[in-house]
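Computed from heavy atoms alone, side chains included, the values below leave out hydrogens, waters and symmetry copies.
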Amino acid sequence: MISGKVISIDGQAIEFATVLLKGTSYSSSTNQKGIYHISAPAGEYTAIFSSVGFQKYETKIKISAHQRSKMNVKLQPATQLAEVIVVANPLNKIKNSAFNATAINTRDLVNTTKTLSEALNKAPGMKIRESGGVGSDMAVTMDGFSGKHVKIFIDGVPQEGVGSSFSLNNIPVNFAERIEIYRGAVPVGFGADAIGGVINIVTPRRHRKWFIDASYSYGSFNTHKSYINFGQTLKNGFKYEINAFQNYSDNDYHINAAVEDFETGAINRNNILRLKRFNDTYHNEAAIAKVGFVNKSWTDRFMIGFTYSRMYKEVQTGVRQDIVYGQKHRHGYTLMPSLEYVKHNLITPGLDLSLSANFNRNNTTQVDTASVKYNWKGETSPLNSPGEQSYQYSSAINNNWSAAATVNYRMGEKHTFTLNDVFNTFNRSNENLLTSPPSKDGSSKVTTKNIIGISYRYMPVSKFNFSAFVKHYHQYVSGPIATSSAQDAFETESRTVNNIGYGAAGTWFMPLGFQLKASYEKAFRLPTIEEMFGDEDLEMGDSSLKPESSHNFNINLSYNTQFGNNAIYAEAGLIYRDTRDYIQRNIMALSGGKSAATYINYGKVLTKGMSFSLRYSFSKWMTLGGNLTYMDVRDNMPTAQGSTVSNVAYKERMPNMPYLFADSDISFYWHGLGRKNNSLTFTYDNQFTHKFCYYVDNIGSKTDDYDVPDQFAHNLTLTYAIGNGRYNISFECRNLTDARLYDNFSLQKAGRAFYGKVRVYFGN
C-alpha cells in the first residue's frame with residue numbers, strides 16, 4: 001500500500017484529488033483531509049496526481065510487499081484561468097460535487113471597490129438588480145428566479161432577517177475568500193428552502209500566524225468605503241479575527257425624470273429633465289469579531305463570534321420614480337452573537353459533525369413625518385396631513401434565532417451519508433413612537449421554520465458520483481390578516497404547513513476534458529419574513545401566503561483543457577422549472593397617488609432557459625471570457641387567478657423580469673513592471689441587458705412607458721500591485737459611456753462614476 005496527503009502550496013488539503021498509477025486501474029480519491037490510499041501489487045510505478053485547478057504532477061514510486069509506503073504531494077496552481085473564476089484552487093470540491101455548482105474566487109477582485117453582489121454578476125445565469133446607488137435595495141436573479149427564491153448564506157449560516165446594514169451589496173469583496181453558487185438542486189447541508197438556488201459566501205479559513213488587510217476608497221457622489229481585517233493563529237491553536245468595514249455615499253447622481261406641477265397636479269412625461277437626487281444619503285458600519293480554537297484534539301474549529309452593524313438611509317423614491325420624497329428616512333442596527341463548532345472523525349473515523357447557532361436582533365426605525373410633499377426639482381407643496389408616504393415614526397424590532405447541525409458519515413471511499421437539521425424562529429413587534437409613551441401593536445408577527453434533510457452519496461470511482469436526498473419542510477406562521485380591502489382592519493390568524501421534497505444529482509467526468517452534471521428536485525420554498533410581514537413601510541406582507549413548489553431540472557456540460565500556455569474553460573447549461581403557487585411581487589396603488597409593493601400566490605409559472613460561459617487564458621499575461629443567459633419565464637395560468645375567465649397574460653413573459661443578458665471581460669497583466677515583484681493589471685468589462693417589460697408583455701410592450709430599455713454598461717479598472725501585493729493602488733471608471741441603467745421598474749441607477757482605492761496587506 002501507498003498512502004499520503006495531497007495539499008496546495010498554501011498548505012490547504014485538496015479534497016477529491018485523483019491519484020492514479022499510470023497504465024493500471026489502481027486509483028484513489030483524496031478525502032476531506034486530502035488523504036489517499038492505494039493498494040497494488042509490489043513493483044515500480046508512475047503515480048499521477050491531479051485535481052481541477054492544479055497542475056498535474058507525475059513521479060516514480062516503489063511499492064514493496066507487505067509494507068506501507070508514504071508520499072505527500074504539494075500541487076501547484078494551474079494557469080491564470082483557474083485564478084479568475086469557476087475553477088480556482090480551493091474550489092475543486094465544488095467542481096467535483098454532483099450538484100450544479102460553480103464558484104468565484106475573489107482574489108483578483110480584492111483591489112477593486114466591488115461588493116459581493118457586484119462580484120456575483122460575473123457568474124453564469126446571475127443578475128444583480130438594485131433600485132439605486134450605494135445601500136439601495138437589492139435582489140438576486142438566478143436562472144430566472146429572483147429575490148426571495150434565492151437563499152443567501154455566509155459560511156453555511158442562513159442570512160434571512162439580518163437587516164439591510166449587512167446585505168451583499170454593502171459587504172466588500174475582501175470579506176470573502178470565494179463565493180459558491182448552487183443552481184437548481186441544493187445539498188441538504190444547507191437546509192435551504194430554495195427553488196432558485198443558493199449563494200454561500202465563504203470567508204477565509206487559512207490559519208495564518210498573523211496578518212492585516214486594510215483598504216480605503218473614494219469616488220463619485222462623495223462615496224467613501226473602508227475595510228480592515230486582522231487576526232492571528234497561535235501555535236497552541238488559539239485564533240482570533242476582526243473584520244470591520246463602512247460605506248458612505250450622498251448618492252446625489254443625476255437622473256432623467258418628469259416633474260410634477262404642483263399647481264395642476266400633472267406630470268408632463270413629454271418633458272424629461274436631468275435632475276439630481278437630493279434625499280438619498282446612505283451610510284453603514286459593521287464589525288465582526290471571532291475568537292476560538294482550531295486544530296485541537298476536541299475540535300477542528302470552535303469559534304465564538306459577535307457582529308454589530310448599523311445603517312442610516314434616506315428614502316428618495318417609492319417603488320416608482322414618479323414618487324419623490326424629500327425628508328423620509330430610516331435607521332437601524334443589528335446585533336448578532338454566534339457559535340460555530342466543527343469536528344472531523346468524531347468518535348470514529350469518517351464521522352464528521354458541524355454545529356452553528358446565532359441570535360440576530362434587528363431594530364429598524366421608519367421616519368415619515370414631513371408636512372410637505374416634494375417634486376424632482378426639490379420644490380415643495382403643503383400636505384393636508386403629515387407623511388409623504390404614510391405618517392409614521394415607528395420601530396420594528398426583529399428577533400431571529402437560527403441553529404443548524406450537520407452529521408456526515410463516510411463509509412469507506414464509496415459511500416457518504418448526511419443528516420442536516422436547520423431550525424429558525426422569528427418574531428417582530430412594532431412600536432409607535434408618535435405616542436407618549438410608545439404604543440405597541442396588539443399582536444406580534446411570528447414564524448418558525450424547521451427543515452430536515454437526509455442524503456446519500458455514492459462514489460464508486462473518482463470520475464463519477466451520485467447523490468439522492470429527501471427533505472421535510474415545516475413552518476408555523478402567526479400574524480395579522482387584512483379583513484378589509486382598504487387594508488385598515490386586521491385579525492390574527494395562525495397556520496402550520498408541512499411538505500416533503502426530494503431529488504437526485506450526479507456528475508460524470510467524461511473523456512477529453514468534458515464533465516456532465518444533471519439534477520432533479522421536487523423543491524419547496526417557504527414564504528419569507530418580508531413576503532409574509534412586509535417591511536413596515538413600502539412593502540406590504542401577506543401572512544396567508546402558501547409555499548411555492550416546483551419541479552426543477554438542470555443539465556450542465558463543461559469542458560476544461562490546457563495546451564502549452566493556453567487554457568480554455570467552457571460551460572453550457574439548460575434549466576426547466578415548473579412552479580406552482582409562485583409568489584409574485586406586485587405594485588399596489590394607494591390613496592393619494594401613492595404606491596406600495598405587495599405579494600400574492602400567482603399559481604403556475606413555467607421557466608425554460610440556457611446559459612453559456614467561455615473563458616480563455618494565455619500564460620500569466622491575459623484572460624478573456626464572458627457569459628450569456630437566456631431565461632424564458634412564462635405565465636402558465638390558462639384562467640385568471642381565482643376565476644374561470646381567460647387569462648390575457650397566459651403564455652406571456654412574467655413582468656419585470658430580465659430574460660436576456662450577458663457580460664464579458666478581458667484582463668492584461670504586466671508582471672515585473674518597475675520591479676520584479678510588481679505588476680500592472682488592466683481590466684475592461686461590460687454588462688448587457690436586453691429590454692424587458694415591467695407590465696404584462698402583450699399589453700405593456702405596446703408603449704415605451706412600460707419598457708425598461710436595452711442597457712449596455714462599460715467599466716475600466718487599472719491596478720498596480722507592489723511587492724507581491726503588499727501595496728496596491730487601483731482606479732476604476734464605472735459606466736464609462738454614462739448610459740441610462742435601470743433594474744427595477746422605472747428606478748434609474750447612477751451614471752458615469754470614478755473611484756480610487758489603496759490597499760495594504762502584511763503577514764503570512
Side-chain angles (χ1 to χ4, degrees), residues 139 141 143-149 193-196 319-320 473 475 477 481-487 493 495 497-501 520-528 530-532 534 539-553 575-590 595-609 630-660 692-703 705-708 744-745:
T141 297
D143 290 344
F145 284 89
S146 63
K148 319 301 186 299
H149 299 92
D193 54 322
I195 285 180
V319 292
R320 294 186 187 277
Y473 306 84
Q475 185 175 38
V477 182
I481 300 291
T483 57
S484 70
S485 58
Q487 303 278 315
E493 290 187 4
R495 60 189 176 88
V497 295
N498 290 280
N499 299 101
I500 298 291
Y520 162 76
E521 182 177 17
K522 172 64 181 299
F524 288 87
R525 186 180 75 82
L526 307 176
T528 66
E530 189 173 87
E531 290 169 333
M532 292 184 295
E539 302 282 332
M540 308 282 287
D542 183 352
S543 59
S544 65
L545 287 173
K546 294 184 290 184
E548 293 177 318
S549 64
S550 180
H551 294 280
N552 298 342
F553 296 87
I575 74 152
Y576 177 91
R577 306 273 194 276
D578 183 7
T579 307
R580 309 298 172 92
D581 295 317
Y582 181 87
I583 299 176
Q584 184 182 29
R585 181 179 184 267
N586 288 335
I587 301 301
M588 180 175 65
L590 303 177
S595 300
T598 186
Y599 297 89
I600 63 168
N601 283 115
Y602 188 71
K604 302 177 183 178
V605 173
L606 187 63
T607 301
K608 301 174 184 177
Y630 174 77
M631 289 296 151
D632 195 18
V633 186
R634 299 277 178 172
D635 187 326
N636 206 30
M637 287 283 289
T639 59
Q641 186 82 358
S643 76
T644 58
V645 178
S646 296
N647 177 16
V648 296
Y650 181 50
K651 296 299 183 181
E652 295 295 331
R653 296 189 193 278
M654 293 299 289
N656 195 34
M657 187 77 69
Y659 62 90
L660 178 61
F692 59 96
C693 187
Y694 61 79
Y695 197 59
V696 179
D697 200 40
N698 62 345
I699 301 174
S701 60
K702 296 177 181 179
T703 170
D705 290 344
Y706 295 105
D707 275 345
V708 177
N744 290 302
F745 294 99

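D581 places no side-chain N or O within 3.5 Å of a backbone atom of K546 that could act as its donor or acceptor partner.
Between Y582 and N636, the side chains place no donor N or O within less than 3.5 Å of an acceptor N or O (distance only, hydrogens not considered).
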I575 vs M631, side chain to side chain contact (heavy atoms under 4.5 Å, CB included): CA-CA, chis, key distance, verdict: CA-CA 9 Å; I575 74 152; M631 289 296 151; 3.6 Å; yes
Residues Y602, M654; criterion side chain to side chain contact (heavy atoms under 4.5 Å, CB included); working and verdict: CA-CA 11 Å; Y602 188 71; M654 293 299 289; 4.2 Å; yes
D542 and I600: CA distance, side-chain angles, deciding distance, side chain to side chain contact (heavy atoms under 4.5 Å, CB included) verdict: CA-CA 8 Å; D542 183 352; I600 63 168; 5.8 Å; no
Criterion salt bridge (Lys or Arg N to Asp or Glu O under 4.0 Å) on R577 and E548, from CA distance to verdict: CA-CA 12 Å; R577 306 273 194 276; E548 293 177 318; over 6 Å; no
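Note: Y599 OH to S543 OG = 14.5 Å, rounded to the nearest 0.5 Å. One distance of note links CG of L606 with CG of D632; it measures 8.0 Å at 0.5 Å rounding. Atom CE of residue M532 and atom CG of residue L545 lie 8.0 Å apart, to the nearest 0.5 angstrom. Note that the CD atom of E531 and the CG atom of L526 stand 10.5 Å from one another [nearest 0.5 Å]. Separation of atoms CD (E652) and CG (N647) is listed at 9.5 Å; rounding is to 0.5 Å. Residue R653 holds its CZ atom at 11.0 Å from SG of C693, rounded to the nearest 0.5 Å.
Among all heavy-atom pairs drawn from F524 and S549, the shortest one is CE2-CB, 3.5 Å. In terms of heavy-atom proximity, Y473 sits nearest to G501 at CE1-N, 3.8 Å. D635 and A649 get closest at one heavy-atom pair: CB-O, 3.2 Å. Contact between P547 and P527 at its shortest, heavy atoms only, is CA-CD, 3.9 Å.
Every residue two or more places apart in sequence or in another chain was checked for a salt bridge (charged side-chain N to carboxylate O under 4.0 Å, His left out) with K604, and none qualifies. Y659 is linked by a ring-ring contact (aromatic ring centres under 6.0 Å, His included) to H690, counting only residues two or more places apart in sequence or in another chain. Residues meeting the side-chain hydrogen bond (donor to acceptor under 3.5 Å, both in side chains) test with D578, sequence neighbours left out: R580.
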